[in-house]
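Owing to the predicted nature of the structure, the values given are computational and were not obtained by experimental measurement. What you see below is based on every heavy atom in this structure, not just the backbone, and it leaves out hydrogens, waters and symmetry mates.
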Amino acid sequence: MKPVDALGLSYEETGATRLGPLPDGYHHLHHRTRIGRGRPVFDAAGAAVTTWALHRRSGVRVRAGSPWAEPGTAVEVSAGLGPLRLRAPCRVVWTAYEKDRTGFGYGTVAGHPECGEESFVVELREDGSVWFTVMAFSRPARWYTRLAGPLVPVLQLGYARWLGRTLRRIAAASQSSE
């Protein structure tokens, strides 16, 4: 993993979302949802997560420096319209392309409304179930996220749930197309 300053991250606890524990001094998010069963579901879900398809199908714009998640990749996620578009620049800090675990974590850089890290991981368990986990730690970095106060964690949880539902639909569609 590259040092924090080489990646331009706005926080120090790089990689904490990979396996935990999440650092003190931040709001923590840990949302897990079952998305299906079997290797084909795992493969489809893992590909959707690591190629930005999950985020795009969830209704956000993604600009990434690579077609798939890899450490060091610059990513900008944005939502909204015109001057009301909220931009969130990040950089991928870790990836997992393992037999039964696929995903990545990205960290905030200057200009992001929050300061911290978020991960998106798909796991195939021994019983064949496939789970999607969003884990994050963050705190406000801009005046408007400080002003929003306790509303930000609620929005983050809502977005994590939306991602889970979207990934479940992506995985289901991949099975029906076989």
Side-chain angles (χ1 to χ4, degrees), residues 1-23 25-31 43-98 101-123 132-146 148 152-153 155-164 166-167 170:
M1 195 171 309
K2 296 179 183 178
V4 173
D5 56 357
L7 292 175
L9 301 173
S10 60
Y11 65 102
E12 294 183 13
E13 300 88 346
T14 308
T17 60
R18 185 174 183 104
L19 297 172
L22 299 181
Y26 295 88
H27 168 74
H28 294 171
L29 170 68
H30 191 189
H31 177 71
D43 291 341
V49 166
T50 58
T51 62
W52 322 113
L54 169 60
H55 285 76
R56 288 183 175 117
R57 295 266 306 267
S58 295
V60 298
R61 182 183 294 172
V62 177
R63 292 186 339 185
S66 172
W68 58 86
E70 56 185 326
T73 300
V75 181
E76 182 182 86
V77 178
S78 61
L81 298 171
L84 298 179
R85 181 167 290 282
L86 181 65
R87 290 175 170 71
C90 302
R91 190 162 302 269
V92 176
V93 295
W94 64 266
T95 58
Y97 291 98
E98 301 164 8
R101 185 172 187 264
T102 300
F104 72 94
Y106 57 29
T108 59
V109 298
H112 195 290
E114 291 282 298
C115 172
E117 189 173 295
E118 189 168 23
S119 67
F120 311 91
V121 177
V122 179
E123 293 177 286
F132 173 61
T133 302
V134 177
M135 190 180 320
F137 61 91
S138 63
R139 60 182 171 221
R142 309 287 286 225
W143 67 268
Y144 51 87
T145 49
R146 283 190 290 278
V152 173
L155 294 172
Q156 289 173 327
L157 177 58
Y159 183 61
R161 288 178 174 162
W162 177 249
L163 289 174
T166 301
L167 192 56
I170 290 170

*Name all residues meeting the side-chain hydrogen bond (donor to acceptor under 3.5 Å, both in side chains) criterion together with Glu70; count only those two or more places apart in sequence or in a different chain, and write none if there are none.*
Ser66
*Check for a donor-acceptor pair, side chain of Thr73 on one end and backbone N or O of Ala69 on the other, with a separation under 3.5 Å.*
no
*Mind checking side-chain contact (heavy atoms from CB on, under 4.5 Å) for Val109 and listing every partner two or more places apart, or none if nothing turns up?*
Leu9, Pro89, Arg91
*Grab the two heavy atoms, one from Leu54 and one from Ser58, that are nearest each other, plus how far apart they are.*
O-OG, 2.8 Å
*Counting only N and O atoms by type, is there a donor-acceptor contact under 3.5 Å from the side chain of Ser10 to the main-chain atoms of Thr108?*
yes
_Residue pairs, two or more places apart or on separate chains, that pass salt bridge (Lys or Arg N to Asp or Glu O under 4.0 Å) and touch residues 44-66_ = Arg63-Glu76
*Of all residues at least two apart in sequence or in a different chain, which pass the side-chain contact (heavy atoms from CB on, under 4.5 Å) check with Leu157?*
Leu29, His31, Arg161
*Would you please say whether a donor-acceptor pair under 3.5 Å links the side chains of Trp94 and Thr17?*
yes
*Does Ala45 have any side-chain contact (heavy atoms from CB on, under 4.5 Å) partners at least two apart in sequence or in another chain, and if so, which?*
Ile35, Val122, Leu167
*Quick one: list whatever passes side-chain hydrogen bond (donor to acceptor under 3.5 Å, both in side chains) with Arg142, sequence neighbours left out.*
none
*Kindly state each residue pair satisfying salt bridge (Lys or Arg N to Asp or Glu O under 4.0 Å) with at least one member in residues 44-55, sequence neighbours excluded.*
none
*Please name the pair of heavy atoms, one in Pro23 and one in His28, separated by the smallest distance, quoted to 0.1 Å.*
O-NE2, 2.6 Å
*asked:* Working to the nearest 0.5 angstrom, can you tell me the gap between Leu86 CG and Thr145 OG1?
replied: 9.0 Å
*Can you name the nearest heavy-atom pair linking Val121 to Glu123, along with the distance?*
CG1-CG, 3.9 Å
*asked:* Going by side-chain contact (heavy atoms from CB on, under 4.5 Å), name the residues that satisfy it together with Leu19, two or more places apart in sequence or in a different chain.
replied: Arg101
*Which heavy atom of Gly80 sits nearest a heavy atom of Arg85, and at what distance?*
O-NH2, 2.7 Å
Under 3.5 Å, side-chain donor or acceptor atoms of residues 133-140 against the rest of the protein: list the pairs with distances, not counting sequence neighbours.
{"unit_1": "Thr133", "atom_1": "OG1", "unit_2": "Arg32", "atom_2": "NE", "d": "3.0"}
{"unit_1": "Ser138", "atom_1": "OG", "unit_2": "Glu114", "atom_2": "OE1", "d": "3.2"}
{"unit_1": "Ser138", "atom_1": "OG", "unit_2": "Gln156", "atom_2": "NE2", "d": "3.1"}
{"unit_1": "Arg139", "atom_1": "NH1", "unit_2": "Gly25", "atom_2": "O", "d": "3.2"}
{"unit_1": "Arg139", "atom_1": "NH2", "unit_2": "Tyr26", "atom_2": "OH", "d": "3.3"}

*Please report the closest heavy-atom contact between Tyr11 and Gly107, naming both atoms and the distance.*
OH-CA, 3.2 Å
_Reported OH-to-OG1 distance for the pair Tyr106 and Thr95, which is rounded to 0.5 angstrom_ = 15.0 Å
_Donor-acceptor contact below 3.5 Å, side chain Glu117 vs main chain Gly15_ = yes
*Applying ring pair (Phe, Tyr, Trp, His ring centres under 6.0 Å), which residue pairs with at least one partner in residues 54-73 are found, sequence neighbours left out?*
His55-Phe120
